Amino acid sequence: MDFRASYRNHSGVPNLSRKRQHPALVALGKAIREVRQSKGITQGRLALIAELDRSYVGRVERGDNNAAVLTLSRLAVALDISVAKLMQKAGL
């Protein structure tokens, strides 16, 4: 499957509508949300522990942002889970 242009509109600006998000980002975000909720942690608390902005955590959980490796590491540490386990939970 060719994903190169599937998330961009005609002018090259990212289009983050639900139907155009990359499935891997959505799956990873869902895994992060599920782990967070299972531990009873709010997005705000997770953001505080991981030293990230709360709105950024929300965008990662929705699959709107492609989180960097260091961001994933911060989230994993804050959730007391390895990045590998998060990826596995996401099916990646």
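From a predicted model like this one, the values you see are computed outputs, not experimental measurements.
- A pairwise comparison of heavy atoms in S82 and A76 identifies C-CB, 4.0 Å as the closest pair.
- Other residues sharing a hydrophobic cluster with I32 under the 4.5 Å side-chain heavy-atom criterion for ILVMFWY residues are L28, V35, I41, L46, L52, Y56, V57, V60, L72, L75, L79, I81, V83, L86, M87, L92.
- Here the side chain of D53 pairs a donor or acceptor atom with the backbone of S55 at under 3.5 angstrom.
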Requested in this report: Dump the intermediate steps for side-chain contact (heavy atoms from CB on, under 4.5 Å) on R45 and L48, then the final yes or no.
Outcome: CA-CA 5 Å; R45 181 74 181 143; L48 185 65; 3.5 Å; yes
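- In this structure, V69 stands alone, with no Ile, Leu, Val, Met, Phe, Trp or Tyr side-chain heavy atom under 4.5 Å from its own, directly or through other members.
- Residue pairs meeting the side-chain hydrogen bond (donor to acceptor under 3.5 Å, both in side chains) criterion with at least one member in residues 34-43, sequence neighbours excluded: R36-E61, Q43-R54, Q43-E61.
- Here CD of Q21 is found 8.0 Å from CZ of R62. Values are rounded to the nearest 0.5 Å.
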